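Have a look at the structure below before the remarks.
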Amino acid sequence: LMQVAGLPEPEYSIKGMFTVSLKRPLKHSEKTVEETVEEIILNLILENPKVTAIEMAKVTGLSRRWVEYHLGKLKQKGKISRIGSTKAGNWIIQKPKGK
């Protein structure tokens with residue numbers, strides 16, 4: 001998620017206590033959290049059109065319900081659609097209009 005958001009990798013230290021340092025960019029990131037999550041979901045669908053919401057939840061760190069919320073938003077925007085049943089179907093990424 002850090003890489004997708006354009007942020008530096010976390011730094012780990014085990015001196016005394018296990019510590020994780022997260023760095024933020026000097027300038028404000030142009031992407032919103034929603035755009036970042038949607039980009040991750042679209043990449044997961046590109047890699048595996050049969051990916052499930054549960055698998056997406058594991059990768060994004062979100063709950064299944066939040067993944068389903070973002071999937072609904074992507075459907076509303078016309079970026080994705082679902083073909084087939086919930087268990088046997090697959091995701092389709094829609095091509096932008098005019099291309």
Side-chain angles (χ1 to χ4, degrees):
L1 289 175
M2 299 290 282
Q3 187 177 31
V4 171
L7 299 171
E9 293 290 323
E11 294 177 5
Y12 302 96
S13 172
I14 53 172
K15 295 178 184 173
M17 292 180 56
F18 181 75
T19 307
V20 179
S21 298
L22 303 173
K23 308 278 183 174
R24 63 179 177 206
L26 295 176
K27 66 176 191 168
H28 179 64
S29 175
E30 299 297 322
K31 288 184 185 178
T32 65
V33 172
E34 184 169 311
E35 290 169 333
T36 302
V37 170
E38 289 178 1
E39 186 175 318
I40 293 168
I41 289 172
L42 289 171
N43 284 331
L44 290 170
I45 292 170
L46 274 174
E47 290 174 14
N48 176 13
K50 294 190 178 292
V51 67
T52 66
I54 293 171
E55 293 166 337
M56 291 180 198
K58 289 177 185 175
V59 171
T60 60
L62 299 173
S63 69
R64 179 188 53 82
R65 186 66 195 109
W66 271 108
V67 168
E68 289 171 352
Y69 168 81
H70 286 288
L71 288 169
K73 289 288 213 180
L74 287 167
K75 286 181 193 176
Q76 281 180 339
K77 294 176 182 178
K79 292 186 177 185
I80 62 170
S81 60
R82 179 84 179 172
I83 304 296
S85 69
T86 303
K87 291 189 178 190
N90 59 300
W91 295 102
I92 305 281
I93 295 180
Q94 302 296 326
K95 292 184 178 170
K97 292 179 180 169
K99 290 190 178 182

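In this text, all values refer to a predicted model and were calculated from it rather than measured experimentally.
For the pair Q94 and S81, the minimum side-chain heavy-atom distance is below 4.5 Å. A heavy-atom distance below 4.5 Å is found between the side chains of V33 and V37. Annotation: side chain of T19 is not in contact with side chain of E11 (no heavy-atom distance under 4.5 Å). Taking the side chain as every heavy atom from C-beta outward, M56 and I45 approach each other to under 4.5 Å.
Surrounding NZ of K77 are more than 12 heavy atoms belonging to other residues, nucleotides or ligands, all under 6.0 Å away.
Put simply, I54 and I80 are part of two different groups of oily side chains (I, L, V, M, F, W, Y) that touch within less than 4.5 Å, one to the next. I93 and L71 end up in the same hydrophobic cluster when Ile, Leu, Val, Met, Phe, Trp and Tyr side chains are linked at under 4.5 Å. Tracing side-chain contacts under 4.5 Å through hydrophobic residues (I, L, V, M, F, W, Y), one never reaches I83 starting from L42; they form parts of separate clusters.
Side-chain N or O atoms of W91 include none that pairs as donor or acceptor with a backbone N or O of K50 at under 3.5 Å. No donor-acceptor distance shorter than 3.5 angstrom exists from the side chain of E47 to the backbone of L44, with no hydrogens or angles considered.
The heavy-atom pair separating V51 from R82 by the smallest distance is O-NH1, 4.3 Å. Smallest separation of non-hydrogen atoms from A57 and L62: CB-O, 3.1 Å. Smallest separation of non-hydrogen atoms from V67 and A53: CG1-O, 3.9 Å.
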| field | R65/E68 under salt bridge (charged side-chain N to carboxylate O under 4.0 Å, His left out): CA gap, chis, key distance, verdict | value | CA-CA 5 Å; R65 186 66 195 109; E68 289 171 352; 3.5 Å; yes
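Here CD of E38 is found 8.0 Å from NZ of K73. Values are rounded to the nearest 0.5 Å. In this structure, the separation between OG1 on T52 and CD on E55 is 3.5 Å, given to the nearest 0.5 Å.
Between Y69 and W66, the ring planes are perpendicular. Angles over 60° get that label, and only those under 30° would be called parallel.
Residue H70 is tested with I41, T60, I40 for a side-chain contact (heavy atoms from CB on, under 4.5 Å); the sole match is I41.
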